[in-house]
Amino acid sequence: MIQLQDLSRTYASDEIETTALGGIDLAVEAGEFVAIMGPSGCGKSTLLNIIGTIDRPTDGRYLFEGADIAHAPEAQLARLRRDRLGFVFQSFNLIDELTIAENVALGLAYRTMPAREKKERVAAAMDRVGIAHRQRHHPHQLSGGQQQRAAIARAIVGEPRLILADEPTGNLDTENGAQVMDILGQLNAEGATIVMVTHSPSHADIAKRTVHMLDGRILSSARRAA
């Protein structure tokens, strides 16, 4: 599904050039669950942002399902994000003025489909993560764990081929974090491809493969024993 080849990302100012990523080679197959680990500032989130086309590489190739999109037009990348990618963030990124159902529906905002189908998809996504009973509530009325489940529902409502999760349990207590990881594990078991950034070794153990990073480079990539 994904191939990164000799990929780099640098940021330049008037006085200094900083290398966030250098010489990244990484392949993710369809149906994999990959955890990316490493200390703060090692480039994990930069890598995830490039995979999600939120950021662009300075050099190298990024092949998504065989097509090199490293320097694709923004309109093409916007369609890719809309149709094939789902995002889960540490800070939930829910809009407090909207109900939970309306927040989840944002995952279909740029899709053309009948209103009835959209409503059915939203209901199914909320039921899938166990928050259907909260559909008329607003984010501030939910616990952190419930808010993250709403964020996951928003990410999966469009049935994306790839889910990108950036520290999805970082703002949660142990119990709610475990529930979120259970949901991600179930989604992967049902065929979703997941790439997750995490600081938690126990949560990384749920993934099928763990990639360790340091100073903008990949140190190792190890598959979980069957």
Side-chain angles (χ1 to χ4, degrees), residues 1-2 28-34 48-49 51-54 64-65 67 69 74-169 171-172 176-196 206-207:
M1 174 177 276
I2 294 171
V28 178
E29 301 295 332
E32 273 202 282
F33 189 162
V34 177
L48 200 70
N49 286 341
I51 293 173
T53 74
I54 297 171
F64 188 93
E65 297 183 330
I69 61 170
E74 178 55 35
Q76 179 182 344
L77 298 181
R79 290 192 296 272
L80 178 69
R81 290 191 293 269
R82 179 193 68 191
D83 297 337
R84 301 184 185 183
L85 304 182
F87 297 88
V88 181
F89 304 96
Q90 177 178 347
S91 55
F92 317 140
N93 288 1
L94 300 174
I95 298 175
D96 208 43
E97 290 77 18
L98 302 180
T99 66
I100 296 304
E102 290 167 339
N103 269 283
V104 173
L106 290 176
L108 299 172
Y110 300 102
R111 298 281 189 96
T112 301
M113 63 178 62
R116 180 176 179 178
E117 181 182 352
K118 182 178 290 189
K119 185 176 180 180
E120 289 174 349
R121 283 205 189 193
V122 168
M126 289 189 297
D127 186 62
R128 178 68 186 79
V129 299
I131 57 164
H133 62 298
R134 296 289 195 176
Q135 62 178 318
R136 294 187 177 86
H137 290 75
H138 288 77
H140 72 272
Q141 296 174 299
L142 273 61
S143 68
Q146 290 171 330
Q147 289 187 59
Q148 190 61 293
R149 279 186 272 163
I152 293 172
R154 181 184 57 199
I156 66 174
V157 70
E159 300 178 356
R161 300 185 186 183
L162 174 64
I163 298 172
L164 303 173
D166 193 358
E167 294 284 358
T169 62
N171 284 339
L172 303 178
N176 281 304
Q179 291 173 357
V180 165
M181 291 307 304
D182 283 345
I183 292 171
L184 293 177
Q186 290 165 12
L187 290 169
N188 177 246
E190 293 167 6
T193 305
I194 301 175
V195 179
M196 174 185 70
I206 295 172

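Numbering starts at 1 and runs along the sequence shown. Only a predicted model underlies this, so the values are computations on that prediction, with no experimental measurement involved.
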Counting distance only, does the side-chain N/O of [X] pair as donor-acceptor with the main-chain N or O of [Y] below 3.5 Å?
X	Y	answer
Q146	I131	no
N103	I95	yes
N188	I194	no
E190	G185	no
R154	F92	yes
R111	R82	yes

Taking I156 as the fixed residue, which of V88, L187, V104 is the one that meets the side-chain contact (heavy atoms from CB on, under 4.5 Å) rule?
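Looking at V88, L187, V104, the match for I156 under the side-chain contact (heavy atoms from CB on, under 4.5 Å) is L187.
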Could you list the residues that satisfy side chain to side chain donor-acceptor pair (under 3.5 Å) with T99, not counting sequence neighbours?
E102
Quick one: side chain to side chain donor-acceptor pair (under 3.5 Å) partners of Q135, sequence neighbours excluded?
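Here no residue qualifies.
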If you compare all heavy atoms of A155 against all heavy atoms of F87, which two are closest, and at what distance to 0.1 Å?
CB-O, 3.4 Å
Working note: Q179 + Q148, criterion side-chain contact (heavy atoms from CB on, under 4.5 Å); need CA distance, chi angles, decisive distance, verdict.
CA-CA 10 Å; Q179 291 173 357; Q148 190 61 293; over 6 Å; no
Interatomic spacing from CG in L164 to CZ in R81 - rounded to 0.5 Å
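It comes to 11.5 Å.
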